[in-house]
J.: 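The structure that follows is given in the form of structure tokens.
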Amino acid sequence: TKGKYWIQNNKFKGVGGKVDWQDRGWSSDSVYANLSTFSIDVKESQFKADSVNFYNKSLFSVPVIGEFSNKAVSGSSAEHYPVFKSYKKDIILNNILPDVDYKGGYTLRGKDFIADGRKDASARIIIKKNGKEILVANSARFSINKNTIFSESAVIKLYFDEDSIYHPSLQFTYNQGERKLELYRDKKGVSGAPIYNSYHQLTIDAELIEWQIDEENILLGSLPSTSVSNVNFESIAFYNDQMYHSLRGIDKVNPLMLVSKFGRSNFSSAEFAHYAGYPLHQIEPYLMNLSNKGFLFYNVATNRATVQEKLYNYINAKLQVGDYDVIRFNSKVTNIPGNNMIVNSRLNLSTKDLNITGVEFVRLSDSQQVYIYPYNGNVKVKKNRNFDFAGRISVGRDRFVLYGQDFNFKYDDFKIDLKQIDSVQLAVPVEPYQFDGYGNKKLVRIQTVIQAVTGDLRIDESTNKSGLRKD
């Protein structure tokens, strides 16, 4: 380099020069930067240079323009310098790990490659299988080394054919040596919104998703730190009146109604605060609460909210202008010591079946009092909330009970195909009537068991899953 040193203000103004990362383990002829003009205040411990040409010959065929900085520090902090940060945010790096591509900004911090998406979370990791994209993760930052990729918070879209599993903020860890992907959801944090599954039309509040990407099954469940893993798989058309009223709290207007009246499906917290007349510091936790309950997705990095279908379903159900259902699979699985995770469900990518375990019962209709009790707690969910099971079906407070195998619930038709009925039991009220604590007539089971029966069970009209219409 060459330049001038100004004694009166202790500054050196330089032109040209070369810096490298040899002290961080990189060869000086493969990873380096050529400086243009720069200024150093010799009283300061750091300096920056703009518009440098950066070379990493193992990644780039041409130099990348950006900013260089270095700092005289000691101890562990020295590992984070020197730093190069690209100006461009759309650099493409194919196969940064086998079957993994990257698009975004490039930062070399010490010896570590930082996939830099800046504030708009534009850094993108793409994982492929058999040449086809299977997962796209967007984040403000990924840390990448020779074997792992990590992000504290990433927008996740995991594809299977035309459908996907989506979440706006999961902790992302990919281990190339194990070919294993782990997605962690902090139920109490900013990632508390449930996971959206478009194929099965369910929201899922699993804590952990784990996938050996060369295998067919994606595992959903919890970390082994808990004794029992509870995971809810809830229909996107699910409605609970108690939940609706609990959201209001002391507010004058229910938050769902307020968001709906705002009339926008995507908005910033500042825009909504202005509309609602609340201070911004109150609106952000207000929106995060709705996000954690699945009514919208809230991005804390950009402070923007995206309204979900569940919000409109709840409003329509409350106003009785739209149908809804009460279908939810609550999976409860006890931890077995020594396991790396508690598995509540397995999603098979070949069949697309969502195999849920630990399900005690499923409520299909409150108004018709239709409940199923699957054998061994196993339910196989198929497209759009159709599901297969074997077990017991109870109708009308056990007035009519069926036992059997190979039962198929059809969501759109709102019926159960009864392919293999083992037996049918009936119960009726007997005079003089006796009543339970709820005022219902007590039933007496008929001793005769009916066998060799086939058919289907029509729960209600397909457009009346809520049972609100009594015609």
Side-chain angles (χ1 to χ4, degrees), residues 59-61 86 88-106 113-118 120-185 191 193-204 206 208-220 297 299 301-302 306 308 345-354 383-384:
L59 292 178
F60 308 116
S61 59
S86 71
K88 291 182 64 176
K89 297 190 297 181
D90 58 354
I91 294 170
I92 297 174
L93 296 174
N94 294 322
N95 290 309
I96 55 168
L97 294 176
D99 299 321
V100 179
D101 295 342
Y102 170 70
K103 181 179 180 181
Y106 176 90
F113 166 29
I114 306 297
D116 192 355
R118 321 290 159 88
D120 60 356
S122 59
R124 175 175 293 185
I125 292 292
I126 302 166
I127 299 178
K128 297 181 291 185
K129 187 175 182 179
N130 299 323
K132 186 177 181 181
E133 292 185 8
I134 54 173
L135 180 137
V136 174
N138 284 76
S139 179
R141 172 173 171 162
F142 292 96
S143 297
I144 302 175
N145 61 34
K146 294 180 180 179
N147 196 51
T148 60
I149 303 173
F150 175 80
S151 173
E152 190 65 40
S153 176
V155 180
I156 301 296
K157 202 162 191 178
L158 200 162
Y159 296 97
F160 43 109
D161 290 344
E162 301 301 318
D163 292 281
S164 65
I165 291 174
Y166 175 84
H167 195 277
S169 179
L170 296 177
Q171 186 185 93
F172 174 99
T173 306
Y174 175 67
N175 187 304
Q176 173 60 32
E178 299 178 8
R179 301 277 289 171
K180 183 169 74 173
L181 174 70
E182 288 186 347
L183 303 172
Y184 171 70
R185 169 180 165 267
S191 62
I195 298 158
Y196 176 69
N197 179 330
S198 65
Y199 181 81
H200 301 97
Q201 291 289 284
L202 298 172
T203 59
I204 305 168
L208 183 66
I209 298 176
E210 186 176 290
W211 183 25
Q212 300 280 159
I213 66 171
D214 295 318
E215 297 182 3
E216 292 296 329
N217 286 314
I218 297 175
L219 309 182
L220 300 97
F297 286 138
N299 188 323
T302 60
T306 303
Q308 297 302 293
S345 177
R346 289 173 168 82
L347 172 60
N348 186 291
L349 293 176
S350 294
T351 64
K352 304 185 187 65
D353 292 342
L354 184 65
K383 187 176 179 64
N384 187 30

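This structure is a prediction, so every number in the text was calculated from the model and none was measured.
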J.: Does the ring center of Phe142 lie less than 6.0 Å from the ring center of Phe113?
T.: no
J.: What closest approach, in Å, do His200 and Lys383 show between heavy atoms, and which atom pair accounts for it?
T.: CD2-N, 4.4 Å
J.: Using 0.5 Å steps for rounding, measure from the CG atom of Leu219 to the CH2 atom of Trp211.
T.: 11.0 Å
J.: Does any non-hydrogen side-chain atom of Ser143 lie less than 4.5 Å from one of Ile149?
T.: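 They are not in side-chain contact.
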J.: According to salt bridge (Lys or Arg N to Asp or Glu O under 4.0 Å), who are the partners of Lys352, at least two apart in sequence or on a separate chain?
T.: Asp161
J.: Is the side chain of Asn95 donor-acceptor paired with the backbone N or O of Pro98 at a distance under 3.5 Å, no angle test?
T.: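 No; zero donor-acceptor contacts below 3.5 Å.
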J.: How far does CZ of Arg124 sit from CG of Asn138, to the nearest 0.5 angstrom?
T.: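 Going from the CZ atom of Arg124 to the CG atom of Asn138 covers 4.5 Å.
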J.: Just to verify, what does Asp163 make a side chain to side chain donor-acceptor pair (under 3.5 Å) with, not counting sequence neighbours?
T.: Ser198
J.: Can you name the residues that form a salt bridge (Lys or Arg N to Asp or Glu O under 4.0 Å) with Glu178, not counting sequence neighbours?
T.: Lys180
J.: Going by the rule side chain to side chain contact (heavy atoms under 4.5 Å, CB included), which residues pair with Ile91 if we only count those two or more places apart in sequence or in a different chain?
T.: Phe60, Val64, Ser86, Lys88, Leu93, Tyr106
J.: Glu133: which residues meet the side chain to side chain donor-acceptor pair (under 3.5 Å) condition with it, sequence neighbours left out?
T.: none
J.: Mind checking the CG-CG spacing from Leu97 to Asn147? Nearest 0.5 Å is all I need.
T.: 7.5 Å
J.: Could you list the residues that satisfy salt bridge (Lys or Arg N to Asp or Glu O under 4.0 Å) with Arg346, not counting sequence neighbours?
T.: none
J.: Using side-chain heavy atoms (C-beta onward) and a distance below 4.5 Å, is Leu349 in contact with Asn217?
T.: no
J.: List the atom pairs, donor and acceptor, that lie under 3.5 Å between side-chain atoms in residues 151-158 and the rest of the protein, sequence neighbours left out.
T.:
residue : atom : partner : partner atom : Å
Ser151  : OG   : Ser139  : OG           : 2.7
Ser151  : OG   : Arg141  : O            : 3.1
Ser151  : OG   : Ser153  : N            : 3.3
Ser151  : OG   : Ser153  : O            : 3.1
Glu152  : OE2  : Gln171  : NE2          : 3.3
Ser153  : OG   : Ser169  : OG           : 2.7

J.: Who pairs with Lys128 by side chain to side chain donor-acceptor pair (under 3.5 Å), at least two apart in sequence or on another chain?
T.: Asp101
J.: Hey, what do you get for CG (Asn175) to OG1 (Thr148), rounding to the nearest 0.5 Å?
T.: 6.5 Å
J.: According to side chain to side chain donor-acceptor pair (under 3.5 Å), who are the partners of Ser61, at least two apart in sequence or on a separate chain?
T.: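 Applying side chain to side chain donor-acceptor pair (under 3.5 Å) to Ser61 gives none.
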J.: Applying ring pair (Phe, Tyr, Trp, His ring centres under 6.0 Å), name anything that partners Tyr174, two or more places apart in sequence or on another chain.
T.: none
J.: Any donor-acceptor pair under 3.5 Å linking the side chain of His167 with the backbone of Ala193?
T.: yes
J.: Check whether any side-chain heavy atom of Ile209 lies under 4.5 Å from a side-chain heavy atom of Ile218, and answer yes or no.
T.: yes
J.: Under the 3.5 angstrom rule, does the side chain of Asn130 hit a backbone N or O of Lys132 as a donor-acceptor pair?
T.: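 No, the answer is negative, given that no donor and acceptor are paired below the 3.5 Å cut-off.
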J.: Could you tell me the separation between the OG atom of Ser191 and the CG atom of Leu183, rounded to the nearest 0.5 Å?
T.: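 Those atoms lie 11.0 Å apart.
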J.: Do Val136 and Tyr159 come within less than 4.5 Å of each other through their side chains, counting heavy atoms only?
T.: yes
J.: Would Ile195 and Ile165 count as a side chain to side chain contact (heavy atoms under 4.5 Å, CB included) if you check the C-alpha gap in whole Å, the side-chain angles of each, and the deciding distance to 0.1 Å?
T.: CA-CA 7 Å; Ile195 298 158; Ile165 291 174; 3.2 Å; yes
J.: Roughly how far, to the nearest 0.5 Å, is CD1 of Ile126 from CG of Asp99?
T.: 12.5 Å
J.: My understanding is that only residues two or more places apart in sequence, or in another chain, count here; which of them pass side chain to side chain contact (heavy atoms under 4.5 Å, CB included) with Pro168?
T.: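 Pro168 satisfies side chain to side chain contact (heavy atoms under 4.5 Å, CB included) with Tyr166, Phe297 only.
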J.: Does Leu181 reach the side chain of Leu135, with side-chain heavy atoms less than 4.5 Å apart?
T.: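 Yes - at least one pair of side-chain heavy atoms lies under 4.5 Å apart.
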J.: Determine whether Phe172 and Ile125 make a side-chain contact, defined as any pair of heavy atoms from C-beta on separated by less than 4.5 Å.
T.: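 Side-chain contact under 4.5 Å: yes.
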J.: My understanding is that only residues two or more places apart in sequence, or in another chain, count here; which of them pass ring pair (Phe, Tyr, Trp, His ring centres under 6.0 Å) with Tyr199?
T.: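 Phe160.
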J.: Mind checking whether Ser345 and Leu354 have side chains closer than 4.5 Å, heavy atoms only?
T.: yes
